[in-house]
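So the structure is just underneath, and the comments pick up after that.
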Number of protein chains: 2
Amino acid sequence: MLSMTGFAMNAPLRRSLLNGHSSNPLVRKLEGLAPLSEADRSILDQLAAGARLADPHVDLIREGSAPDAAFLVLKGIACRYKHRQDGKRQILSYLLPGDLCDPDIAHLSRIDHALGTLSACSVARIPREALLFAVERHPNVAQAFRRAKIVEEAVTREWLVNLGCRSAIERIAHLFCELLLRLQAVGFAENDSFEFPVTQVELGDTTGLSNVHVNRTLQELRRQGLIATGQRRLIILDLPRLRALAEFQAGYLQPAVGTDLCTAH
Amino acid sequence: MLSMTGFAMNAPLRRSLLNGHSSNPLVRKLEGLAPLSEADRSILDQLAAGARLADPHVDLIREGSAPDAAFLVLKGIACRYKHRQDGKRQILSYLLPGDLCDPDIAHLSRIDHALGTLSACSVARIPREALLFAVERHPNVAQAFRRAKIVEEAVTREWLVNLGCRSAIERIAHLFCELLLRLQAVGFAENDSFEFPVTQVELGDTTGLSNVHVNRTLQELRRQGLIATGQRRLIILDLPRLRALAEFQAGYLQPAVGTDLCTAH
DNA sequence: ATGAGGGTTTAACATAAGTTATTTCGGATT
DNA sequence: AATCCGAAATAACTTATGTTAAACCCTCAT
């Protein structure tokens, strides 16, 4: 089913047709984190092959299970989340195209959080062994994955700050800035707008706010001329002011890749 | 200065005098995550050697710097934190004895958060190369570090839930449950009490609450007979009820180590 | 076209938590 | 013992955000 050579030969052609960019968001993302050879890209294309469509609001990994595969998001938005007994839930992170949820965690104990879709998604299930194989054979890919992990951790830290000490409007503004940059990095944003089919309830689960207050806050952002919403899109009208409002520092999303180093562990 | 053989020969003797437990909290912690040989323990003792005392409320790593060494806490409590421009700060995690702040992050870009002491601490500075050496030569140690990292990530997720959807009293109760278990794991708690020289302001920076509200909340916990404080100690009087209040699930701190697996990446 | 259902908006009200300022306490230092 | 200082406690008041419930509005499927 997967012809390595076929992929390897077609990839450059496909990319050249697309302005030098791969259509595989995983490639797009990792390219930004480490130099990739043609063979590296080819293996990533294989990992992304065989994607399936998933409905919105559906679980891909249930809390307490022990999955033996990673999930790679190719289209749409998924999230990690945890439920509390009283029904509240906290979204822990967004998985955008090119992001993957690796199953390492589950190999210590059962996984402590769920993975679910927010919007309709295209998702590839990557067996653990396939991922290991790719990483072992392709040091640059391994390097890029490690760097992706480091960025992910930085994002999580920023979310802690968001929840711990920003006001409602700052939280949402910060989230939108982050999403714009991350989506731009994988080619899923035009100018300063992107598809954003996330409900206000889900935004509340993300930012620790009630849906009613999310609504109020979105209105305020619109009133200030910072954003516009509609047709499941988010349009950022004034990025500089939005960033200022959120005290958004982009650095954590864009590691200086030229920096050599980071060859270890 | 560091005699490997000397260490290797004395370690078991020392441990036998101490009821089978090493006095090195790093060993204590990693023992719980992977089987360690005598040589493994010896190298960990070397890493922990040369510790220095650090005053309370002092920075070990400044935000924006690029440290080339890890810091290992042997005694006391340190934390990672971030500052906002308006002076607010968010504590991102606690570093208890046996925990270390590795410098990987800084090798992509400058580090995006600071490392500082809360209490007076004993801290060992571990040069990057020494850490790499230990990990390369000692696969079990590497394994244990990987597992420690996974637990650390689980703790962070729990903190996100704490900030995102728990009430003040639940946040603090949950934090106390977590700290008790983590400190017990490294032998820094007797029964259900431990040294806890953290101010109410710092507790507020941890839980996203004002110091005044932290004070109110601590009083409520005392009034309910759940905790007692004094002489820089925290005494948990009724752990079952405290856990119930916080909906505390200990699983994420205690990975099932018998599970083989997790050999990769 | 018509309805059904999920998502959004609005409104009125409740409350947990923040703010500011003052006082008290307890452990160091002289 | 007297003083000092940071931390803890108290008090009075403000406010951001939560809650509940109803109305509205798309979008999709029949």
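Quantities reported herein were computed from a predicted structural model and do not represent experimental measurements. Per chain, numbering begins at 1; letters A, B, ... match sequence-line order.
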Task: Validation row: B/Asp112, B/Glu63 side chains within 4.5 angstrom (heavy atoms) - done: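 Result no, sub-4.5 Å side-chain heavy-atom pair not found.
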TODO: Flag the pair B/Glu158 / B/Tyr252 as yes when at least one side-chain heavy-atom distance between them is below 4.5 Å, and no otherwise.
DONE: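 A side-chain contact under 4.5 Å exists here.
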- [ ] Scan side-chain atoms only and decide if B/Thr217 and B/Glu220 contain a donor-acceptor pair under the 3.5 Å cut-off.
- [x]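 Result is no, nothing qualifies.
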Side-chain N or O of [X] closer than 4.0 Å to phosphate OP1/OP2 of [N]:
{"X": "A/Arg216", "N": "D/dT19", "value": "no"}
{"X": "B/Asn215", "N": "D/dA8", "value": "no"}
{"X": "B/Gln219", "N": "D/dT10", "value": "yes"}
{"X": "B/Gln200", "N": "D/dA9", "value": "yes"}
{"X": "B/Arg222", "N": "D/dA9", "value": "yes"}

For atom [atom1] of [X] and atom [atom2] of [N], their distance in whole Å:
{"X": "A/Glu220", "N": "C/dT9", "atom1": "CD", "atom2": "C1'", "answer": "16 Å"}
{"X": "A/Ile169", "N": "D/dA16", "atom1": "CD1", "atom2": "P", "answer": "12 Å"}
{"X": "A/Asn211", "N": "D/dT20", "atom1": "CG", "atom2": "P", "answer": "11 Å"}
{"X": "B/Leu209", "N": "C/dA16", "atom1": "CG", "atom2": "P", "answer": "13 Å"}
{"X": "A/Leu234", "N": "C/dT8", "atom1": "CG", "atom2": "C1'", "answer": "16 Å"}
{"X": "A/His213", "N": "C/dA11", "atom1": "NE2", "atom2": "P", "answer": "16 Å"}
{"X": "A/His57", "N": "C/dG6", "atom1": "NE2", "atom2": "P", "answer": "10 Å"}
{"X": "B/Asp86", "N": "C/dT19", "atom1": "CG", "atom2": "C1'", "answer": "14 Å"}

Open item on the list: Are B/His174 and B/Phe176 an aromatic pair, judged by ring center distance below 6.0 Å?
Closed with: no
Task: 5'-most by nearest nucleotide on DNA chain D - A/Gln231 or A/Val214 - done: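 With A/Gln231 and A/Val214 compared, the 5'-side residue is A/Val214.
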Open item on the list: Quick check: on DNA chain D, is the nucleotide nearest A/Thr217 upstream (toward 5') of the one nearest A/Arg232, or the reverse? Name the residue that is more 5'.
Closed with: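 Mapping each residue to its closest nucleotide by heavy atoms, the 5'-most match is A/Thr217.
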Open item on the list: I'd like to know if the side chain of B/Thr156 and the backbone of B/Glu152 have a donor-acceptor N/O pair within less than 3.5 Å.
Closed with: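 Flag set: sc B/Thr156 to bb B/Glu152 pair under 3.5 Å.
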Looking across every strand, which nucleic acid part, if any, lies under 4.0 Å from [X] by heavy atom: base, sugar-phosphate, or nothing?
{"X": "A/Thr199", "value": "sugar-phosphate"}
{"X": "B/Gly208", "value": "sugar-phosphate"}
{"X": "B/Leu218", "value": "nothing"}
{"X": "B/Arg166", "value": "nothing"}

Open item on the list: If you only use heavy atoms from C-beta on, which nucleotide in C/dT20, D/dT17, D/dT20 is closest to the side chain of A/Ala168?
Closed with: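 Given the options C/dT20, D/dT17, D/dT20, the side chain of A/Ala168 is closest to D/dT17.
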